[in-house]
Amino acid sequence: MDAPLYLRPRVDPPLASLLRAGTFLHSLVDALGSPLNVLLPETVAENARRFRAVYSRHRLTGRVYFAHKANRSSALVRRLAAEDVAAVGVDVASLEELRHALSCGFTGDRILATGPKDAEFLWLAARVGATVNLDSPNELEQLSALVRTHGLGRVAVLVRLSGFESADGHGGAGTRLLSRRSRFGTPLRDAEELLSALERNADAVELTGVAYHLDTTGVEEKVRALEQCVLFMDTCRARGLAPRAVDIGGGFGIGYVAEAGEWERWTTALSEAVLGSRPPLTWRGHGYGLRNEGGTVRGAVALYPGHRPTAGPGYLDELLSLPAPVLGRSSANLLLEHLHDLYIEPGRALVDQCGLTLARVLDVRLADADSGHHLVRLGMNAGDMSLEEHGVLVDPVLLPRGKPEEGEEGPVGVFLAGNLCLEADLITRRLVHLPRLPRPGDLLAFANTAGYAMDFHAHRAQRQPFARTVAVERQGDDDWRWCPDEDYWPIPSPGGTSA
Ligand SMILES: *Cc1c(COP(=O)(O)O)cnc(C)c1O
């Protein structure tokens, strides 16, 4: 076999020490079944503090709102509720997420309600004093009508903008750069309609800020959008409105793969495989968006950038340090000069290193005699581990049940299949290289799955069980305590884990 094309995960402490606690993890799966999600609530609090440190460095005020949709866990939300009330809030995108955040200890004034909303969601948000991140002028009218009909207090609102464009300094006169299209938010070109709706409904809503969320890793695009929000807020002020906060959404990202070299080697090899100059790296030659057109690679690779030199708090730092294209100052200085608060809504990045997903190896067999690759069937399905759904490629860590036998060492390429009677139920379409062939009873640990991967797409097809979720905390060197996710509270308790 060629040198194994590993994509080994980035694991920092304490996730790294959890991965070394093989006996503990095996005992959890023996008791609670496969698949199993394991969360580290302390790490989410640590991540919030890292984001706050970037605020301090730039002398900025405002809040970090956890985008709840990244994970359904109670432990993570409760742990964040215990953080400084002025520093950490939660961003909810459904009625149930709002109810959950309230039950986890967030008061309404620390909650942002985002996304498209129905009347029930709007009513509860207004009733508990949450800030409503408005998706459209229609939603503004609907909320205002609810406030009047039910005699609710004036509701704090942000307006979510989209469709940012700006003159392109490099492209010549008239060239426009349009930011990513979004189904959400009000396009800037409809700003006049929005402003008059805000004025008309001033008895019911108070504009407290301006928001955007761009689903991209492109930092320049975000700097441009931030500046346009600041300029739009100047317009608001000229009209007698008084917004104070700029909400720049989420999308700070995670670096999943530890080594840049492994990521580069793998992506280069994918192009070669698509061209046919090396054997396929994927199930039935899947190209992840690339194709061979007469000997040339075409298409765009639909993959998350596995290795990222800057992500999370580092990415926020970069965004705040870059100069705004029109006004020239750094984004941080723009906010400081205007005395604006900064809101961010990190989902994925806030749960970086916060957990892993375990699956039991059920069966190992040869995929086909020619390639020598094996098919490893796991006690989980693609819904339980939706890294692939987000284009995230990273290797699981093998946690053997016992000691390897003679001749078992040595890298192998395997395909990971799920527990559904469905040809498409592959955990990943990639040929995964492992340091040795797994055996039934071994565990595979998928590291860093707390952001979207562990429960976003979980379903009950074929009545296969949902993964249970547990919260763990390290007590001593090799001593781990655990409790069911729903039983975790961020206070010391004799039996369970504690903050
Ligand atoms: C999904 C979402 C987020 C979180 O995005 P991440 O990429 O997980 O940081 C934040 N804000 C809004 C409006 C979203 O839809």
Side-chain angles (χ1 to χ4, degrees), residues 44 47-48 50-51 54 62-73 76-77 80 88-94 96-98 101 110-117 121 125 130-136 139 157-164 179-187 209-219 221-222 225-226 229 245-256 303-306 308 310-319 342-355 386-387 389-392 448-457:
V44 79
N47 288 344
R50 291 204 179 111
F51 273 108
V54 177
R63 259 201 195 120
V64 175
Y65 290 91
F66 171 48
H68 189 339
K69 78 167 189 279
N71 198 293
R72 298 183 200 175
S73 156
L76 296 179
V77 178
L80 288 171
V88 179
V90 63
D91 173 85
V92 296
S94 71
E96 282 309 314
E97 282 188 1
L98 172 55
R110 297 171 72 192
I111 299 178
L112 258 184
T114 307
K117 301 163 205 77
F121 186 19
T131 297
V132 175
N133 194 341
L134 290 168
D135 199 42
S136 65
E139 205 170 83
V157 297
L158 309 180
V159 289
R160 178 165 171 186
L161 300 177
S162 64
F164 302 98
S179 78
R180 199 153 308 262
R181 294 246 286 277
S182 174
R183 287 197 294 118
F184 304 107
T186 305
V210 172
Y212 70 84
H213 169 73
L214 298 176
D215 191 13
T216 171
T217 55
V219 73
E221 206 174 314
K222 292 186 183 174
L226 189 153
C229 285
V246 181
D247 176 348
I248 64 170
F252 304 96
I254 286 184
Y256 287 96
L303 289 174
Y304 192 88
R308 296 185 58 171
T310 42
Y315 183 99
L316 175 64
D317 196 26
E318 183 183 353
L319 196 162
L342 174 70
Y343 292 175
I344 60 173
E345 304 166 354
R348 190 188 296 273
L350 207 61
V351 294
D352 184 23
Q353 300 288 315
C354 284
S386 52
L387 283 175
E389 186 89 19
H390 296 266
V392 174
N448 214 356
T449 53
Y452 303 103
M454 67 168 54
D455 62 19
F456 197 89
H457 293 280

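Both ligands and their constituent atoms are indexed starting at 1 by order of listing. Since the structure is predicted, the reported quantities are computational estimates derived from the model, not experimental observations. All values below come from the heavy atoms of this structure, side chains included, with hydrogens, waters and symmetry mates left out.
- Taking CD from Glu345 and CZ from Arg63, the interatomic distance works out to 13.0 Å, rounded to the nearest 0.5 Å.
- Between Asn448 and Gln353 the shortest side-chain heavy-atom distance falls below 4.5 Å.
- A salt bridge does not link Lys69 to Glu97: none of the charged nitrogens lies less than 4.0 Å from a carboxylate oxygen.
- Separation of atoms OH (Tyr452) and OG (Ser386) is listed at 11.0 Å; rounding is to 0.5 Å.
- The main-chain N or O of Gly250 is found under 3.5 Å from a side-chain atom of His213 such that the two form a donor-acceptor pair.
- Each of Leu350, Val219, Thr310, Leu316 was compared with Phe252 under the side chain to side chain contact (heavy atoms under 4.5 Å, CB included) criterion, and only Leu316 meets it.
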Check ligand 1 against the protein and report each N/O to N/O distance under 3.5 Å, formatted as atom name, atom name, distance.
residue, atom, partner, partner atom, Å
ligand 1, 7 (O), Gly251, N, 3.3
ligand 1, 8 (O), Arg348, N, 2.8
ligand 1, 8 (O), Tyr452, OH, 2.5
ligand 1, 9 (O), Gly251, N, 2.7
ligand 1, 9 (O), Gly347, N, 2.9
ligand 1, 11 (N), His213, ND1, 3.4
ligand 1, 11 (N), Glu345, OE1, 2.5
ligand 1, 15 (O), Lys69, NZ, 2.8

